[in-house]
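Input: a single structure, listed below in structure tokens.
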Protein chains: 2
Amino acid sequence: MRLTTKGRYAVTAMLDLAFHSQKNPVTLTDIATRQTISLSYLEQLFARLRKAGMVTGVRGPGGGYKLSRDASLINIADVIEAVDEQLDSTKCGGEANCQNNKACLTHDLWMGLSDQIRGYLQGISLGDLLEKHHVKEVAKRQEMDAKVIELHRMDRCQSLYK
Amino acid sequence: MRLTTKGRYAVTAMLDLAFHSQKNPVTLTDIATRQTISLSYLEQLFARLRKAGMVTGVRGPGGGYKLSRDASLINIADVIEAVDEQLDSTKCGGEANCQNNKACLTHDLWMGLSDQIRGYLQGISLGDLLEKHHVKEVAKRQEMDAKVIELHRMDRCQSLYK
DNA sequence: TACTTAACCTAGCAAATTAGTCAACTATCC
DNA sequence: GGATAGTTGACTAATTTGCTAGGTTAAGTA
């Protein structure tokens, strides 16, 4: 189990997709502009997500991507592992240095820990996050009513992502 | 919060250190050979761990490294963050200046998730893992007594890493 | 049928990170 | 003084990341 920016991009994109694809498919171009991720990079991530059976692509005009099952049935661990290639058969996998010695034991320990993290992330679905997302959005809308200049804030936000 | 092989090496080495430094300091050479991690790479990792105040180096003959506090007081999140450099203080800075924009909302979501993972790992100390370590070791000893063929165990171990 | 849209695919590339080596130090103990 | 052992820094090779550029294929629509 690894946690890198790649996995983060995938989760972010999947959240965006889950949020916007209630009715129609969502194009990667839309996600790319909303989340400021490069289109080609998104395409690569979604190629993996598609192979993992989490999203389905719809070609042609009006096409795009949609979740292949409900957001509550897609957990974060799945998304991350779909894009992260999960190799890492390091060390004691190859040679026969994996006797009943300490190396193997501590390695086992780490694998156990890794499993626990995976288990934790498996317990969180896109749907779970969406709920929080929605709550937060409502909260922010209320802030908007307080007459804060949106354009100024958007500008600041976008420049921060460059 | 990131999870890479770097952090794994650090945790593995710290576990080894915690296990072997009950009385005397442990040299990095020992850890390197036991855990099959390159000595120089270990030196780099321990330079950071030392700066983070988790280990203390003892120079001269009979020297080595030892934990600067009890294993039960060092948690996994600390170890990982000590070596992982945790830059990426996230584009839109922790401030609430980036609101009303979807990119920032999902960003917040991810940060929250990251915090939860960190919190989870903070709840696990080296001491906790050592206990399990001991339990497992005893279990393996018992297996040995039961004359289980060791080769079979090696196979199992290896298949787990594939 | 031609055109457009957008998924899908391939190759490559610069920057960053990983995982390491090598060599020159400095401190400590016998 | 000499061996042991930690400290530091510079350097490197391989891999991964994030991204660009270009093409192909399938599906709508004019």
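Residue numbers start from 1 in every chain, and the chains themselves are labelled A, B, ... in the order their sequence lines are given, proteins ahead of strands. The basis for the numbers below is simple: all heavy atoms, side chains too, and nothing from hydrogens, waters or symmetry mates.
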ask   = Which whole-number value in Å describes the distance from A/Leu28 CG to C/dC8 C1'?
value = 10 Å
request  = Round to the nearest Å and state the distance from B/Lys66 atom NZ to D/dA5 atom P.
outcome  = 16 Å
task = Indicate whether OP1 or OP2 belonging to D/dT7 is found under 4.0 Å from a side-chain N or O atom of B/Arg50.
result = yes
query = Yes or no on side-chain hydrogen bond (donor to acceptor under 3.5 Å, both in side chains) for A/Gln35 and A/Asp16, after CA distance, side-chain angles and deciding distance?
reply = CA-CA 8 Å; A/Gln35 307 299 335; A/Asp16 185 285; 2.5 Å; yes
task = Return the value, rounded to whole Å, for the distance between atom NZ of B/Lys6 and atom P of C/dA16.
result = 15 Å
note = With the side chain defined as heavy atoms from C-beta on, B/Thr27 is closest, among C/dA7, D/dG6, C/dC29, to D/dG6
key: Proximity to the side chain of B/Thr4 - top-ranked nucleotide from C/dT18, C/dT21, C/dC29   = C/dT18
key: Residue-phosphate contact under 4.0 Å: B/Thr29 side-chain N/O, D/dA5 OP1/OP2   = no
message = By nearest atom, which of the nucleotides C/dT21, C/dA7, C/dA27 is closest to the B/Arg59 side chain?
response = C/dA27
query = Which nucleotide in the list D/dT17, C/dA7, D/dT20 gets nearest to the side chain of A/Tyr65?
reply = C/dA7
query = Does any residue of residues 39-46 of chain A have a heavy atom under 4.0 Å from DNA chain D, and if so, which ones, in number order?
reply = A/Ser40, A/Tyr41, A/Gln44
ask   = Taking only side-chain nitrogens and oxygens of A/Arg8, does any of them come within less than 4.0 Å of OP1 or OP2 of D/dT17?
value = no
query = With a 4.5 Å heavy-atom cut-off, do A/Leu28 and A/Ile31 have their side chains touching?
reply = yes
task = Compare the minimum distances between each of D/dC19, C/dT21, C/dT18 and the side chain of A/Tyr9, then state the nucleotide with the smallest one.
result = D/dC19
